[in-house]
Trainee: 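Here it is, the structure in full.
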Amino acid sequence: MQRVQVIDSHTGGEPTRIVVAGGPDLGAGTVADKLKILRSQHDEFRSAIINEPRGSDVLVGALIIEPTDLSCAAGVIFFNNVGYLGMCGHGTIGLVATLAHQGRIKPGDHRIETSVGVVTVRLHKSGEVSVRNVPSYRHAKNLRVQVKGHGAVTGDIAWGGNWFFLTEDHGQEIALRNVEKLSETAWRIRQALQTKGITGRDGGEIDHIELFGPSQKPGVQSKNFVLCPGKAYDRSPCGTGTSAKLACLYSDGKLKEAEVWKQESITGSTFEGSVNVIDGKIIPTIKGSAFVNAEATLILNPSDPCCWGIRPD
């Protein structure tokens with residue numbers, strides 16, 4: 001039997017499961033290299049950790065590994081129920097809270113190596129975490145796509161560590177009681193993009209759909225609903241999605257450098273976001289809180305027919 005040590009947390013309601021011990025040997029190389037090995041040789045491990053019966057569709061996983069860059073506090077590979085994520089904002093906040101819970105880091109600035117680059121984080125004395133994300137940008141503005149059962153939808157394609165299609169042209173109420181309709185609308189938009197062959201830069205799959213509208217909370221500028229690659233919705237305001245949103249706002253002149261933008265999630269939790277521009281690149285910073293809620297040992301028993309998770313077709 002294989003034993004895997006995990007620490008669970010949630011960021012604004014969105015759960016993260018951090019594998020702290022018991023992961024597979026991924027050899028030497030960068031985090032991106034190790035992700036390729038995990039995907040090609042050990043994908044059953046991802047499924048065992050994240051899928052039912054141990055996990056759920058909404059859960060995001062993260063495997064802590066040794067960083068190539070020795071200035072980094074940790075390296076990390078993010079994954080979900082259907083595959084792998086280049087970067088995960090809420091997951092990074094959860095990772096920092098987990099490292100602090102273990103006593104591996106103290107309040108201050110730290111660097112984390114992901115498969116899409118190094119991100120800088122700040123653990124505040126309050127326990128809040130700020131994540132300085134990878135450079136973000138808008139790839140296409142006011143893209144119009146015909147969506148089955150809905151009609152034409154106009155939105156932007158942007159990168160915030162993952163590829164997003166962001167739109168307020170959806171005709172839905174952004175409310176938790178409306179999750180089923182929001183999910184259906186977002187999924188149809190994603191299918192329409194795939195059918196039309198619409199991608200991000202270099203053919204990157206647009207696997208996150210972000211529907212947004214006004215927030216009713218004082219001082220909060222926007223409320224969103226984000227559908228993730230595995231068809232689960234993000235309970236948090238989505239770190240990479242907020243980064244993509246900030247890049248669009250700055251490009252439109254609607255957000256000034258260092259100005260704070262508050263983003264509410266479908267569950268009512270909020271992130272604070274801002275941007276800095278360095279060498280012409282938009283660098284978002286996302287601030288939020290995560291809370292550790294479990295420590296556990298997962299047992300992988302090969303004689304269990306569900307040992308490696310119930311995998312979607």
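Counting begins at 1 with the first residue of the sequence. Worth saying up front: this structure is predicted, and the values here are computed from it rather than measured.
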Trainee: What are the two closest non-hydrogen atoms of Thr120 and Arg111, and how far apart are they?
Mentor: OG1-CG, 4.1 Å
Trainee: Go through it in stages, so that I can follow the logic: the residues are Arg46 and Tyr84, the test is side chain to side chain contact (heavy atoms under 4.5 Å, CB included), and I'd like the CA-CA distance, side-chain angles, deciding distance and then a yes or no.
Mentor: CA-CA 9 Å; Arg46 172 198 62 80; Tyr84 299 84; 3.6 Å; yes
Trainee: Can you find a pair of side-chain heavy atoms, one from Glu210 and one from Thr240, that are under 4.5 Å apart?
Mentor: no
Trainee: Counting only heavy atoms not in Lys217 (residues, nucleotides, ligands), do more than 12 fall under 6.0 Å from its NZ?
Mentor: yes
Trainee: Carefully, step by step, assess Glu205 and Gln194 under the rule side-chain hydrogen bond (donor to acceptor under 3.5 Å, both in side chains).
Mentor: CA-CA 8 Å; Glu205 182 182 3; Gln194 290 178 326; 3.0 Å; yes
Trainee: Might you point out which heavy atoms bring Ile286 and Ser243 nearest each other, and give the distance in Å?
Mentor: CG1-OG, 3.7 Å
Trainee: Does Ser236 use its side chain to pair, donor to acceptor, with the backbone of Gly12 at less than 3.5 Å?
Mentor: no
Trainee: Within a strict 4.5 Å, meaning less than it, do heavy atoms of the Lys231 and Asp57 side chains meet?
Mentor: no
Trainee: Tell me whether Leu193 shares a hydrophobic cluster with Val82, the cluster being built from Ile, Leu, Val, Met, Phe, Trp, Tyr side chains joined at under 4.5 Å.
Mentor: no
Trainee: Rounded to the nearest 0.5 Å, how far does NZ of Lys106 lie from NE2 of His110?
Mentor: 10.0 Å
Trainee: Would you say Val129 and Ile283 are hydrophobically clustered, going by side-chain heavy atoms of ILVMFWY under 4.5 Å?
Mentor: no
Trainee: Please report the shortest heavy-atom distance between Pro24 and Leu38, naming the atom on each side.
Mentor: CG-CD1, 3.9 Å
Trainee: Do Ile18 and Val31 belong to the same hydrophobic cluster, where Ile, Leu, Val, Met, Phe, Trp and Tyr are linked whenever their side-chain heavy atoms lie under 4.5 Å apart, directly or via other members?
Mentor: no
Trainee: May I ask you to check whether Trp163 and Tyr137 place their ring centres under 6.0 Å from each other?
Mentor: yes
Trainee: Taking Asn301 for its side chain and Ser303 for its backbone only, find out whether a donor-acceptor pair lies under 3.5 Å.
Mentor: yes
Trainee: Within the side chain of Asp207, is there an N or O that forms a donor-acceptor pair under 3.5 Å with the backbone of Pro229?
Mentor: no
Trainee: Is the shortest side-chain heavy-atom distance between Thr30 and Asp33 below 4.5 Å?
Mentor: yes
Trainee: Judged by atom type as modelled, is there a donor-acceptor pair below 3.5 Å linking the side chain of Gln5 to the main-chain atoms of Gly22?
Mentor: no
Trainee: Any chance the side chains of Asp8 and Asn293 put a donor and an acceptor closer than 3.5 Å?
Mentor: no
Trainee: With side-chain hydrogen bond (donor to acceptor under 3.5 Å, both in side chains) as the criterion, how do Asp69 and Ser71 come out once you've worked through the C-alpha distance, each side chain's angles and the decisive distance to 0.1 Å?
Mentor: CA-CA 5 Å; Asp69 186 335; Ser71 70; 2.6 Å; yes
Trainee: Under 4.0 Å between a side-chain nitrogen and a carboxylate oxygen: does that hold for Asp156 and Lys141?
Mentor: no
Trainee: Quick one: does Thr270's side chain get under 4.5 Å of Lys262's, heavy atoms only?
Mentor: no
Trainee: For Glu168, does the CD atom have more than 12 heavy-atom neighbours from other residues, nucleotides or ligands under 6.0 Å away?
Mentor: no
Trainee: Donor-acceptor check, side chain of Asn81 to backbone of Ser56, threshold 3.5 angstrom: yes or no?
Mentor: no
Trainee: Decide if atom CD of Glu66 counts as having more than 12 heavy atoms of other residues, nucleotides or ligands within a radius under 6.0 Å.
Mentor: no
Trainee: Same cluster or not: Phe78 versus Leu26, using hydrophobic residues (I, L, V, M, F, W, Y) connected whenever any side-chain heavy atoms lie under 4.5 Å apart?
Mentor: no
Trainee: To the nearest 0.5 Å, how far apart are CD1 in Ile198 and CG in Leu143?
Mentor: 4.5 Å
Trainee: Atom OG1 in Thr195, atom CZ in Arg188: separation rounded to 0.5 Å?
Mentor: 12.0 Å
Trainee: Look only at the side chain of Thr285 and the backbone of Ser274, and say whether a donor-acceptor pair between them is shorter than 3.5 Å.
Mentor: no
Trainee: Supply the atom-to-atom distance Ile77 CD1 to Cys88 SG, rounded to the nearest 0.5 angstrom.
Mentor: 13.5 Å
Trainee: Rounded to the nearest 0.5 Å, what separation is found between the CG atom of Leu211 and the CG atom of Asp169?
Mentor: 10.5 Å
Trainee: Just verifying a value: how many Å separate His208 NE2 and Leu227 CG, rounded to the nearest 0.5 Å?
Mentor: 9.0 Å
Trainee: Locate the shortest heavy-atom distance separating Ser289 from Glu128; write the atom from each residue and the value.
Mentor: OG-CG, 3.3 Å
Trainee: So do Leu246 and Ser136 actually touch side chain to side chain, heavy atoms under 4.5 Å?
Mentor: no
Trainee: Can you confirm whether Ser269 sits close enough to Pro237 that some side-chain heavy atom of one is under 4.5 Å from a side-chain heavy atom of the other?
Mentor: yes
Trainee: How far apart are the C-alpha atoms of Phe79 and Ile50, what are their side-chain angles, what is the distance that settles it, and do they pass the side chain to side chain contact (heavy atoms under 4.5 Å, CB included) test?
Mentor: CA-CA 8 Å; Phe79 50 88; Ile50 214 73; 4.1 Å; yes
Trainee: Does Trp261 share a hydrophobic cluster with Ile93, counting links as ILVMFWY side-chain heavy atoms below 4.5 Å and allowing steps through other members?
Mentor: yes
Trainee: Give me the atom names and distance for the closest heavy-atom approach of Glu14 to Val60.
Mentor: OE2-CG2, 4.2 Å
Trainee: So do the side chains of Arg17 and Val4 get within less than 4.5 Å of each other, counting heavy atoms only?
Mentor: no
Trainee: Which atoms form the tightest heavy-atom contact between Lys223 and Pro214, and what is the distance?
Mentor: CB-O, 3.8 Å
Trainee: Starting from the C-alpha separation in whole Å, work towards a yes-or-no answer on side chain to side chain contact (heavy atoms under 4.5 Å, CB included) for Thr16 and Leu95.
Mentor: CA-CA 8 Å; Thr16 307; Leu95 170 65; over 6 Å; no
Trainee: Any side-chain to backbone donor/acceptor pair from His10 onto Phe291? Under 3.5 Å, distance only.
Mentor: no
Trainee: Between Lys254 and Glu259, is the closest basic N to carboxylate O distance under 4.0 Å?
Mentor: no
Trainee: Side-chain contact test, heavy atoms from C-beta onward, threshold under 4.5 Å: evaluate it for Asn178 versus Phe225 and give yes or no.
Mentor: no
Trainee: For Arg54 and Leu300, run side chain to side chain contact (heavy atoms under 4.5 Å, CB included): C-alpha distance rounded to whole Å, both residues' side-chain angles, the deciding distance at 0.1 Å, then the answer.
Mentor: CA-CA 10 Å; Arg54 296 180 192 86; Leu300 308 187; 3.4 Å; yes
Trainee: Can you name the one residue among Arg122, Lys287, His124 that meets side-chain hydrogen bond (donor to acceptor under 3.5 Å, both in side chains) with Ser130?
Mentor: His124
